[in-house]
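In what follows, every heavy atom counts, from backbone to side chain, and hydrogens, waters and symmetry copies are set aside. Note on naming: letters A, B, ... go to the chains in the order of the sequence lines (proteins, then strands), and numbering restarts at 1 for each one.
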Protein chains: 2
Amino acid sequence: MVDHTMPRQPAVVSSDDAEDTRCFVTRLFGKRALNREAQVERILSAATACFIRAGFRGASMNDICSEAGMSPGALYRYFPSKEAIIEHISAQHRRESAEILDRMASTNDIIEAVVKVGIEHVRHMSMNTAGDGPADAHARLFMEVRAEATRNDTVAAICDLHEGMMREKLLAAFTAAKQAGLIDPVVDLELAVATLAAMGEGIILRNFPAQGVPLEALEPVFRALATAVLRPANKQI
Amino acid sequence: MVDHTMPRQPAVVSSDDAEDTRCFVTRLFGKRALNREAQVERILSAATACFIRAGFRGASMNDICSEAGMSPGALYRYFPSKEAIIEHISAQHRRESAEILDRMASTNDIIEAVVKVGIEHVRHMSMNTAGDGPADAHARLFMEVRAEATRNDTVAAICDLHEGMMREKLLAAFTAAKQAGLIDPVVDLELAVATLAAMGEGIILRNFPAQGVPLEALEPVFRALATAVLRPANKQI
DNA sequence: TAAAAAAGAGAGAACGTTCTCTCTCATTTA
DNA sequence: TAAATGAGAGAGAACGTTCTCTCTTTTTTA
């Protein structure tokens, strides 16, 4: 067997307070800086494809390297570990979901606003960003993220953060609508938010569009459910 | 370093058509046969605990052996592979879910029947069978099974089988109720079943009871949602 | 501005660990 | 005594990661 025990060269002594003395233009916009961003993007999109195909645990770093057309040595210059990639992708996925709520227009019709957000969320989740993956790519990733969150504290914190944000956004909108008399005063808003979120997640998980249910068919369903949750006593206000 | 390259012994030739010549009474009810069932059960419950803790991929066969207080050699007498254990547990989990629908009493009030089944399902899912695991044990396992189904054909078939059964049971009940005039004639029953199933799964996933929402609080929610789905036009019939 | 030095990027073999599963051999049961 | 059962070492493959080395780009020096 080949002997690899040759003593390592001591690392060149570099003072801890060494500063990057390069021109800041080069640092930010130089060929290397731009290439670095592109490479990070390449790795993330390759990893996403692999994770959708095989899951966080099922996809190996070698798989990701092959998909990205890159050697392990190269990949590890951009991410310190597999976990770091998983966390990055998890955060990105949850953030995208949370951002959909930002487009929830402040309208006089809270029911229609909820319907619109629900449809938008389902549309986004059944959209195939990559183009060559399975139809339920986003839903698969969503499941991976949630499963990972049950045993990885960092991912759990990421999920909590974004879910908390979503909860507060919805709650704020509902509180305003309630004060405007658009929501039945009896309704427990916290429970309403939780219920609607659970429903949304259930529909994401099932991925209706991938099973042939068109978005238009989902619209009256969302409307009926939103009405039931927000105006349980009397349908019309 | 120790040399492990010693050539393996060829497997002992065992004729494929070897027969069990024991008395069939002994074979079925003898001490050994009974013990065998007990051992299988021991392995399954140990594996379930490990899978809930670490996921299907995250839990190793050694973990399961330790949990079961058993050597690998012993364990592999009862299950040919890790996958076989995963499939067994997946099937068991999905079957238990499907069986809850069997207790759906044929009643004059279809809404209350749906509410009862929903509550029962959530109760079962938030129940901790083992006793010493996390509160969301069933929900975690559910997520594992669904995630596994996206990339393991056998588990996917298991899920399809039981979901198909659930779908048909609900559809039959709804069809009868529709004919009895208990459901709005406008309702697309297929979509109603899918919607209610998705809602149920979303609520399972969120595990409301583990988050402090009591089952009683969930009852009016289920009632409102069931009503919205089955009687969208007019609340009372 | 040209040459020298440093830093960055990448390839790919190899590392140590862990994985699933199988082997041999000892013990228990019928 | 023959068959069933179990223990536990360990084989071999796969894992995530790190290694050394080469080539390119950027910065510093003359």
Q.
Does A:Ala68 reach a base, just sugar-phosphate, or nothing at all? Heavy atoms under 4.0 Å.
A. nothing
Q.
On a heavy-atom basis, which atom in B:Pro209 and which in B:Leu215 lie closest, and how many Å separate them?
A. CG-CD2, 4.4 Å
Q.
Is a donor from one side chain sitting under 3.5 angstrom from an acceptor on the other, for B:Ser126 and B:His138?
A. no
Q: Indicate whether any N or O donor in one side chain lies under 3.5 Å from an N or O acceptor in the other, for A:Gln39 and A:Arg36.
A: no
Q. Is any side-chain heavy atom of A:Met165 closer than 4.5 Å to a side-chain heavy atom of A:His162?
A. yes
Which donor-acceptor pairs under 3.5 Å do the side chains of residues 45-56 of chain A make with protein atoms, sequence neighbours left out?
residue : atom : partner : partner atom : Å
A:Thr48 : OG1  : A:Leu44 : O            : 2.7
A:Arg53 : NH2  : A:Glu67 : OE1          : 2.9

Q | Any residue meeting side chain to side chain contact (heavy atoms under 4.5 Å, CB included) with A:Ala74, in chain and number order, not counting sequence neighbours | A | A:Met70, A:Ser71
Q: Name every residue in residues 77-85 of chain B that has at least one heavy atom under 4.0 Å from any atom of DNA chain C, in order of residue number, or write none if there are no such residues.
A: B:Ser81, B:Lys82
Q) When you measure from the side chain of A:Ser60, which nucleotide among D:dG16, D:dA7, D:dT17 comes out closest? A) D:dG16
Q | Whole-Å gap separating C1' (D:dA13) and CE (B:Met61) | A | 16 Å
**Q.** Residues which pass side chain to side chain contact (heavy atoms under 4.5 Å, CB included) with B:Ser60, listed by chain and number, not counting sequence neighbours
**A.** B:Asn62, B:Asp63
Q) Within this structure, what is the CZ-to-C1' distance between B:Arg57 and D:dA14, rounded to whole angstrom? A) 13 Å
Q: Report the distance from atom CG of A:Asn62 to atom P of C:dA14, rounded to the nearest whole Å.
A: 15 Å
Q. Does A:Ser71 have a side-chain nitrogen or oxygen under 4.0 Å from the phosphate oxygens OP1 or OP2 of C:dA11?
A. yes
Q: Find the distance A:Arg36:CZ to C:dA7:C1' and express it as a whole number of Å.
A: 13 Å
Q: To the nearest Å, give me how far apart CG (B:Leu75) and P (C:dT20) are.
A: 11 Å
Q. A:Glu219: what forms a salt bridge (Lys or Arg N to Asp or Glu O under 4.0 Å) with it, not counting sequence neighbours?
A. A:Arg223
Q. Does A:Tyr76 make a side-chain N or O approach to OP1 or OP2 of D:dT18 shorter than 4.0 Å?
A. no
Q | Selected nucleotide, minimal atom distance to A:Pro72 side chain, candidates D:dT17, C:dT22, C:dG10 | A | D:dT17
(Q) Under 4.0 Å, heavy atom to any atom of DNA chain C: which of residues 41-56 of chain A qualify? (A) none
Q. Do A:Met61 and A:Ile64 come close enough that some side-chain heavy atom pair is under 4.5 Å?
A. yes
